[in-house]
There are 2 protein chains.
Amino acid sequence: EPKQRGFRFRYECEGPSHGGLPGASSEKNRRTYPTVKISNYVGHARVEVQLVTHTDPLASTRTAWWAVHCTENGTCMVDVGPNDLTASFSNLGILHVTKKSASHDRRQPINTQHLRSTESSILKEAKELGKVMDLNIVRLKFTAYLQDSNGGFTRALKPVVSNAIYDSKSPNASNLKISRMDKTCGTVLGGDEIFLLCDKVQKDDIEIRFYEEDEGGWEAFGDFSPTDVHKQYAIVFKTPPYHSAEIERPVTVFLQLKRKKAGDSSDPKQFTLHPSVQGKPRPF
Amino acid sequence: EPKQRGFRFRYECEGPSHGGLPGASSEKNRRTYPTVKISNYVGHARVEVQLVTHTDPLASTRTAWWAVHCTENGTCMVDVGPNDLTASFSNLGILHVTKKSASHDRRQPINTQHLRSTESSILKEAKELGKVMDLNIVRLKFTAYLQDSNGGFTRALKPVVSNAIYDSKSPNASNLKISRMDKTCGTVLGGDEIFLLCDKVQKDDIEIRFYEEDEGGWEAFGDFSPTDVHKQYAIVFKTPPYHSAEIERPVTVFLQLKRKKAGDSSDPKQFTLHPSVQGKPRPF
DNA sequence: AGATGGGGAATCCCCTAGA
DNA sequence: AGATGGGGAATCCCCTAGA
């Protein structure tokens, strides 16, 4: 399986070799790659990769929105067997096809040929489609072909489809990250104003989640409105109150950025809550 | 004269009518426009506007980098006279010509015709030129033509050139602005860490200037490195010490963002310096 | 000289709001 | 229905750094 987040799709103009798509279990020092294995078979086989939409992976798309880029052999297939039937794709790139060039490639549908279907109207259609499709999420589709008696790879097996891959450059799928905060502690009563610097977020699809890992799973959310999100890169918010105002000593909790829609979140930061004395914050 | 900053150049694809270039003395409720007047003459005349480079306004450029857009009459000239010789241009737009289309328009120089001067090499040249020219700064060039005895406007006067106009969308010429700070006071000794949210800045060409308007003109600069500039939209810095550590009561000074190269600055924000007690900050 | 990222500029698209 | 901005997405360009 490929890693779902953190990989950036590239445009053709950016050139090749910005690194290949890593596997889900890939790490800094031990890179892995998307890999498929043909089971219950001995012999030669060929495995091909294609990119498909994440919502409807088995439908064939009329337009090519992406291209796979295999820097090693220029094509997107590998031959395996006869003993090891494992195909590993170590240098898969995902190329964005621009809306402009996608509309170039389009064939005119027959039933509209009598209309004046201009370049720009096709382009517009491409954009409409892009809106409902989310071109920033793809899946890999692997199709294996077994060798037939003539030596040709004609016996196609049922394709398998990977999990979804999100373009890390896309604003709704980029890696969430908290870079810096002006305070890392506040009072148990909440209401402390915090300036938080972060990687790109979308002001209507972001929340700041405070939580405790153990015991019952307390969670609460930072208080801010979309206008408190500054240019997608900073958030000014107020801390929420802790579940209990009566604590004897400081309590350490966590906070993280979290997308409302996709549900993915950033690495957490620690935050320390101090007791308040008679409802008033104590200096700390 | 046109207003130098705050006007955004547009691309053709953005469509017309995003507002005309205002005059230097233009205000919210009393808009003015770039205007020229022909002196010492009575009679009909025609005034034409062109865009020229800011460094070399009277040289003719080989390539058109910009286009003027006059939404009112489609052309960039107005006729005036015989009594009022004032030409006012109330709806001047400045259109960016993309590097791609600029390279399309280029004629091949004769002496390189035997070389294989491809489209892409012209494009590359356009980009090189763009680097040294700064296409985000232009001037208006007004040329007046007096009516000759046949009624034609043939008698050209010496052109006049306006001050420079900076594209407000360009990162090195956009309006500087401080949106928010997490503190507006600190101690006279400096060293207080401030989170400041701002409009787009460039991390290597920005400074935070503290100053006092009256008496001697004290100034000092916030302490930060380029890595403290977060994604062009926030700066974490430490306040500088005041010129005197011995103050009895709080002193209010100003701070502003300032570009090192261009020297332009943002509107100031107030900042209050509190006395320190025996070298230690006093709680405030 | 390619494997490996990442920041940010140039270009483009589309929103809001009031009469 | 145009005068009037402005935010941010999609596309593109080019940097750094280590062997």
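We name chains A, B, ... by the order of the sequence lines, and we start the count at 1 in each one.
Between the CZ atom of A:Arg30 and the C1' atom of C:dA3 there is a distance of 19 Å, rounded to whole Å. Rounded to an integer number of Å, the gap from CG of A:Asn172 to P of D:dA9 is 9 Å. Atom P of nucleotide D:dA9 and atom CG of A:Asn136 are separated by 11 Å, given to the nearest angstrom. When the C1' atom of C:dG7 is taken as reference, atom NE2 of B:His230 falls 12 Å away, rounded to whole Å. In this structure, B:Asp167 places its CG atom 13 Å from P of D:dG6, rounding to the nearest Å. One atom, CD of A:Gln232, and another, C1' of D:dA10, lie 13 Å apart when rounded to the nearest Å. Note: CD (B:Glu14) to P (D:dA9) measures 16 Å, nearest angstrom. D:dG6 atom P lies 15 Å from atom NZ of B:Lys200, rounded to whole Å.
Between B:Tyr233 and A:His230, the ring planes lie perpendicular to each other; the angle is over 60°, past the 30° to 60° tilted range.
A salt bridge links B:Arg259 to B:Asp264: one of the charged nitrogens lies within less than 4.0 Å of a carboxylate oxygen. Salt bridge annotation for B:Asp199-A:Lys231: present, with a cationic side-chain nitrogen under 4.0 angstrom from a carboxylate oxygen. Using a 4.0 Å cut-off between charged side-chain N and carboxylate O, B:Asp228 and B:Lys203 make no salt bridge. Ion pairing between A:Glu1 and A:Arg139 fails under the 4.0 Å rule for side-chain N and carboxylate O.
In this model, the phosphate group of D:dA9 is approached by a side-chain N or O of A:Gln202 to a distance below 4.0 Å at OP1 or OP2. For D:dG8, one of the phosphate oxygens OP1 or OP2 lies less than 4.0 angstrom from a side-chain nitrogen or oxygen of A:Lys203.
At a threshold of 4.0 angstrom between heavy atoms, the contacts of A:Lys231 are confined to the sugar-phosphate backbone, with no base atom among them. Among the protein residues, A:Arg31 comes within range of the sugar-phosphate backbone only, with heavy atoms under 4.0 Å from sugar or phosphate atoms but none that close to a base.
Closest to the side chain of B:Tyr11, out of D:dA10, D:dC13, C:dC12, is C:dC12. Listed candidates were C:dT11, D:dA9, C:dC13. Nearest to the side chain of B:Arg10 is C:dC13.
A donor-acceptor contact under 3.5 Å is formed by the side chain of B:Lys169 with the base of D:dG8.
Each of B:Arg8 and B:Val201 was matched to the nucleotide of DNA chain C holding its nearest heavy atom; the match closer to the 5' end belongs to B:Val201. Sequence order on DNA chain D of the closest nucleotides to A:His18 and A:Pro171 puts A:Pro171 first from the 5' end. Residue order along DNA chain C, read from the 5' end via each residue's closest nucleotide, puts A:Tyr33 first among A:Tyr33 and B:Ser170.
As the counterpart of C:dC14, D:dG6 is assigned, both hydrogen-bonding distances of the Watson-Crick or G-U wobble pattern falling under 3.5 Å.
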